[in-house]
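Just the heavy atoms: all of them, side chains too, but no hydrogens, waters or symmetry mates, feed the values below. In what follows, residues are counted from 1 in the order of the sequence shown. Just so you know, ligand 1 is whichever comes first in the structure, and atom 1 is the first atom listed for that ligand.
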Amino acid sequence: MPLDAKASAPGKVILFGEHAVVYGEPSLSLAVDQRTSVSGAAVGDQVTVNGRALNPRWHRYILQAVERHWDGPLRLQVESGVPSSSGMGSSAALSVATCAVLLRLRSEGPVEPARIAEASFDAERDAQGGASPNDTTVSTAGGGVLLAPVAHADLDVLWRIERDELAWVAHRVDVPALPLVVAFTGRKGNTARMVAKVRRFVERNAFGRDVIAEIGGLVAGAVDALADGDLAEVGRLMDRNHVLLHTLGVATPELTRLVEVAGKAAGTYGAKLTGAGGGGSIVVLTEEPAEAAKALSDAGAETFEVHASPRGVTVEADGRPDP
Ligand code: PMV
């Protein structure tokens with residue numbers, strides 16, 4: 001067994017299908033070049049994170065991973081390059097990197113990505129009280145990923161995850177180099193609260209279930225439009241997805257205002273909130289990233305130009321990278 005292990009995992013943007021994917025509808029997401037890294041070694045006399053004792057209040061995601069996959073002392077060092085609670089998947093990147101480290105410390109050789117994806121999904125779901133494997137799958141796999149309830153004949157299947165009678169098949173999607181801008185409202189979104197809010201709506205209201213189905217229905221069109229390079233159509237579908245997320249009650253007035261600002265900037269194809277909402281960020285598909293970024297920062301948002309990254313989780317053990 002290795003004495004120490006280190007893993008790095010990317011954040012993500014959800015282009016289509018957040019919330020609906022929790023109910024088994026499809027989603028389409030991209031890994032980005034912001035990353036979180038975790039290193040770990042079985043030393044000391046307790047579990048510590050960046051020199052402090054593991055605390056259920058501050059280390060919810062790490063705690064879930066540790067409870068499932070570790071027994072004994074552990075020293076973890078975490079460095080997050082994914083802005084926290086911004087809708088860019090900081091918790092998923094943390095869960096993936098932590099699970100990758102814990103599984104690797106207990107293994108003679110490299111750990112299969114599917115195993116890391118599954119372990120980190122369970123950790124995230126328990127920490128959040130409900131989740132889909134979307135964020136943890138994209139963070140594990142890197143690149144563009146479609147999750148769908150059944151295998152898509154024209155796409156490569158990465159792996160399949162089943163829980164509580166729902167199945168998600170993860171597929172590789174080749175996404176062209178899309179010009180994307182993420183604009184953060186500055187107000188942190190609470191994913192667990194938003195997932196619970198949507199659950200109440202969907203369980204009590206048939207209209208809520210129709211909205212979820214309509215969001216899922218946008219994804220096939222988006223995959224085709226991306227394959228055809230039809231960015232105008234992708235943008236139109238993003239705008240529609242935002243309206244539906246607003247109907248679900250997860251778009252704050254601030255998020256919708258930013259979507260409108262982005263929509264007026266030269267070169268914008270479309271914009272929507274990304275991630276759980278209730279705060280967090282929007283994502284903009286645009287031909288002119290600088291124009292969108294300027295308009296959005298003039299409107300008070302913190303903006304990031306985001307680049308899709310093909311690199312998923314990477315793991316090293318005793319200083320040597322796993323293949
Ligand atoms: O808030 P984020 O970036 O972790 O995104 C959550 C995405 C949801 O669909 C709302 C929840 C999930 O687990 O899929």
Side-chain angles (χ1 to χ4, degrees), residues 9-32 34-36 60-61 64 80 82-98 117-118 120-141 145-149 161 163-164 166-170 180 182-185 187-202 208 211-213 215-216 218-219 241-242 244-252 255 272-283 304 306:
K12 58 93 216 352
V13 289
I14 302 178
L15 291 181
F16 292 96
E18 49 273 90
H19 287 291
V21 67
V22 174
Y23 301 87
E25 294 290 338
S27 62
L28 179 63
S29 308
L30 278 183
V32 297
Q34 282 85 354
R35 303 180 71 86
T36 288
R60 220 153 30 104
Y61 292 89
Q64 289 301 334
S80 179
V82 184
S84 133
S85 301
S86 64
M88 283 168 74
S90 57
S91 61
L94 178 62
S95 298
V96 169
T98 305
E118 201 157 13
S120 51
F121 167 45
D122 287 333
E124 187 165 75
R125 193 180 53 161
D126 289 352
Q128 235 166 251
S132 78
N134 182 72
D135 296 11
T136 42
T137 296
V138 180
S139 180
T140 305
V145 174
L146 169 76
L147 283 193
I161 295 182
R163 291 287 182 281
D164 302 335
L166 286 177
W168 294 270
V169 185
L180 294 172
V182 169
F184 179 42
T185 55
R187 225 178 66 138
K188 296 188 170 200
N190 182 319
T191 300
R193 203 173 297 152
M194 289 300 113
V195 168
K197 180 175 182 184
V198 171
R199 183 168 299 284
R200 284 195 298 276
F201 184 34
V202 168
V211 176
I212 292 289
I215 292 176
L218 299 177
V219 178
N241 197 160
H242 182 80
L244 293 168
L245 287 164
H246 179 268
T247 308
L248 281 184
V250 296
T252 60
L255 285 164
K272 60 180 271 294
L273 77 82
T274 185
S281 300
I282 67 161
V283 59
F304 313 84
V306 167

For this session: Classify the side-chain pair Ser91/Glu124 by whether it contains a donor and acceptor separated by less than 3.5 Å.
Result: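 Ser91 vs Glu124: donor-acceptor pair found between side chains.
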
Exercise. Should Glu25 and Ile215 count as side-chain neighbours, where that means a heavy-atom distance under 4.5 Å?
Worked result: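 No. Closest side-chain heavy atoms not under 4.5 Å.
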
Exercise. Taking side chain as C-beta onward, heavy atoms only, is Ile14 less than 4.5 Å from Asp135?
Worked result: yes

For this session: Report all protein residues having a heavy-atom distance below 4.0 Å to some atom of ligand 1; order the list by chain, then number.
Result: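 The answer is Lys12, Ile14, Glu18, His19, Val21, Val22, Gly87, Gly89, Gln128, Ala131, Ser132, Asp135, Thr191, Val195, Gly275, Ala276, counting any residue whose heavy atom sits under 4.0 Å from ligand 1.
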
For this session: Start with the C-alpha gap between Glu118 and Arg163, add the side-chain angles, then the distance that decides, and say whether side-chain contact (heavy atoms from CB on, under 4.5 Å) holds.
Result: CA-CA 10 Å; Glu118 201 157 13; Arg163 291 287 182 281; 3.0 Å; yes

Exercise. Can you tell which of Val195, Asp164, Val22 makes a side chain to side chain contact (heavy atoms under 4.5 Å, CB included) with Arg125?
Worked result: Asp164

Problem set entry | Sequence-distant partners of Asn134, side chain to side chain donor-acceptor pair (under 3.5 Å), two or more places apart | Ser27, Ser29

